[in-house]
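This report refers to the structure that appears directly beneath it.
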Amino acid sequence: MIKTKHPLISVIIPTYNESATIEGTLEHLRPWSNLIEVIIADASTDGTANLVSRDFSLIQAPRGRASQMNDGAQLAGGEVLLFLHSDTRLPNDFIQQLELALSDSRVVGGAFKMKIDHPGLFFYLTTLGSNLRAAVTGVYFGDQTIFVRRDCFRQIGGFPLIDLLEDWEFSLSMKKIGKTVLLPGPVKTSARRWLIHGKWRTTWLMHKIKVLYLLGTSPADLKRLYSDRR
């Protein structure tokens with residue numbers, strides 16, 4: 001276990017129009033309030049910030065998940081930074097999982113296996129595929145709740161300020177400076193995007209974006225394909 005006078009884990013939540021989820025997210029984190037620091041980096045226009053209890057740290061940041069997470073990280077006092085989406089829930093033993101993984105000094109960071117919070121074969125197979133891809137490639141996405149040692153985050157230079165797939169690039173940067181791990185988790189992430197936009201349409205779009213990125217399409221162009229509708 002890492003000994004520190006600061007919170008061991010700083011949980012950073014980038015929010016954009018999350019008035020429907022933020023209160024539930026913060027209540028979910030409240031049982032660990034003596035063990036973690038929570039920072040909400042908000043860029044909303046729907047009053048999300050007004051729903052954040054004074055028990056938690058809140059900052060206003062320029063819109064963009066990368067810049068919001070970087071701004072939140074600048075304020076963090078924990079030795080470990082954990083980047084949580086507002087529609088994702090942590091496992092009850094996430095602190096123990098982190099402590100065990102980071103007891104290995106070679107580990108710089110990683111993510112958790114995920115589970116989509118909706119029943120059915122489609123979501124089971126989507127979860128399975130996502131976890132397999134992360135385990136094989138070491139490329140993690142935000143819904144898997146990326147974590148990193150704070151000093152390693154600074155060494156990397158934070159998330160790259162690109163419009164999309166900043167988590168992909170950050171994963172590759174972590175791998176360049178040390179070992180990364182996929183923890184058993186699972187974190188539970190919302191199925192809302194699939195349910196709003198259609199299961200197959202959403203899956204096709206996600207894979208299309210990944211392939212186009214590998215072929216050299218810019219994040220700015222890819223962002224035009226990606227919907228921020230909640």
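Under the rule for a salt bridge (charged side-chain N to carboxylate O under 4.0 Å, His left out), Asp143 has no partner lying at least two apart in sequence or in another chain. Partners of Phe94 by ring-ring contact (aromatic ring centres under 6.0 Å, His included), not counting sequence neighbours, listed by chain and number: Trp32. Listed by chain and number, the residues in a side chain to side chain donor-acceptor pair (under 3.5 Å) with Ser171 amount to none (sequence neighbours excluded). Considering only residues two or more places apart in sequence or on other chains, Thr145 meets the side chain to side chain donor-acceptor pair (under 3.5 Å) condition with none of them. By the ring-ring contact (aromatic ring centres under 6.0 Å, His included) test, Trp204 is found to be paired with no residue, residues two or more places apart in sequence or in another chain being considered. The ring-ring contact (aromatic ring centres under 6.0 Å, His included) test applied to Phe170 returns Phe153, Phe159, not counting sequence neighbours. His207 is linked by a ring-ring contact (aromatic ring centres under 6.0 Å, His included) to nothing, counting only residues two or more places apart in sequence or in another chain. By the side chain to side chain donor-acceptor pair (under 3.5 Å) test, Thr137 is found to be paired with no residue, residues two or more places apart in sequence or in another chain being considered.
Taking the six-membered ring wherever Trp is involved, the centroid distance between the rings of Trp200 and Phe122 falls below 6.0 Å.
Distance alone, capped at 3.5 Å, places no donor-acceptor pair between the His85 side chain and the Ile13 backbone. With hydrogens and angles disregarded, no donor-acceptor distance shorter than 3.5 Å links the side chain of Ser19 to the backbone of Gly47. Checking side-chain atoms of Glu166 against main-chain N and O of Arg65 turns up no donor-acceptor pair under 3.5 Å. The backbone N or O of Gly64 sits less than 3.5 Å from a side-chain atom of Ser67, completing a donor-acceptor pair. A donor-acceptor contact shorter than 3.5 Å links the side chain of Ser103 to the backbone of Leu100. Between the Gln68 side chain and the Thr15 main chain, a donor and an acceptor come within less than 3.5 Å of each other. Not a single donor-acceptor pair under 3.5 Å links the side chain of Thr180 to the backbone N or O of Lys175. Ser10 contributes a side-chain N or O that, together with a main-chain N or O of Gly78, makes up a donor-acceptor pair within less than 3.5 Å.
Counting heavy-atom neighbours within 6.0 Å of Asn92 CG, excluding the residue itself, gives a total of 12 or less.
Ile9 is connected to Val38 through a chain of hydrophobic side-chain contacts under 4.5 Å among Ile, Leu, Val, Met, Phe, Trp and Tyr, so both are in one cluster. Using a 4.5 Å cut-off between side-chain heavy atoms of Ile, Leu, Val, Met, Phe, Trp and Tyr, with links allowed through other members, Val11 and Leu58 fall into the same hydrophobic cluster. Both Ile146 and Leu81 sit in one connected hydrophobic cluster of ILVMFWY residues. Membership requires side-chain heavy atoms under 4.5 Å apart, directly or through other members.
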Next item on the list: Please assess Phe83 against Phe147 for the test side-chain contact (heavy atoms from CB on, under 4.5 Å), listing each intermediate value before the final yes or no.
Entry: CA-CA 6 Å; Phe83 299 93; Phe147 64 91; over 6 Å; no

Note to self: Run the side-chain contact (heavy atoms from CB on, under 4.5 Å) test on Leu82 and Leu98 for me, step by step, so that the C-alpha distance in whole Å, both residues' side-chain angles and the decisive distance to 0.1 Å come before the verdict.
What the structure shows: CA-CA 10 Å; Leu82 184 148; Leu98 287 172; 3.8 Å; yes

Next item on the list: Please report the C-alpha distance between Ile156 and Ile177 in whole Å, then the side-chain angles of each, then the deciding distance to 0.1 Å, and finally whether the side-chain contact (heavy atoms from CB on, under 4.5 Å) criterion is met.
Entry: CA-CA 8 Å; Ile156 291 168; Ile177 66 169; 3.8 Å; yes

Checklist line | Test log, rule side-chain contact (heavy atoms from CB on, under 4.5 Å), inputs Arg149 and Glu79 | finding: CA-CA 6 Å; Arg149 296 183 192 270; Glu79 290 190 7; over 6 Å; no

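What you find for Met174 and Gly109 is that their closest heavy atoms are SD-CA, 4.0 Å.
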Give the table of side-chain donor-acceptor pairs shorter than 3.5 Å for residues 110-118, with sequence neighbours excluded, one pair per line with atom names and distance.
| residue | atom | partner | partner atom | Å |
| --- | --- | --- | --- | --- |
| Asp117 | OD1 | Ala191 | N | 2.9 |

Just distance, no hydrogens or angles: give the donor-acceptor pairs under 3.5 Å from side chains in residues 210-218, sequence neighbours left out.
| residue | atom | partner | partner atom | Å |
| --- | --- | --- | --- | --- |
| Tyr213 | OH | Glu169 | OE2 | 2.5 |
| Thr217 | OG1 | Leu212 | O | 3.1 |
| Ser218 | OG | Asp221 | N | 3.1 |
| Ser218 | OG | Asp221 | OD2 | 3.2 |

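Residue pairs meeting the salt bridge (Lys or Arg N to Asp or Glu O under 4.0 Å) criterion with at least one partner in residues 39-59, sequence neighbours excluded, are Arg30-Asp55. Each salt bridge (Lys or Arg N to Asp or Glu O under 4.0 Å) pair with one or both residues in residues 179-188, not counting sequence neighbours, appears once here: Asp104-Lys179.
Both tests pass for Arg63 against the ring of Tyr16: distance under 6.0 Å to the centre and angle within 45° of the axis.
Paired with Ile40 under the rule side chain to side chain contact (heavy atoms under 4.5 Å, CB included), one option of Leu84, Thr48, Val52 passes, and it is Val52.
With 3.5 Å as the limit, one finds no donor-acceptor pair spanning the side chains of Arg89 and Ser190.
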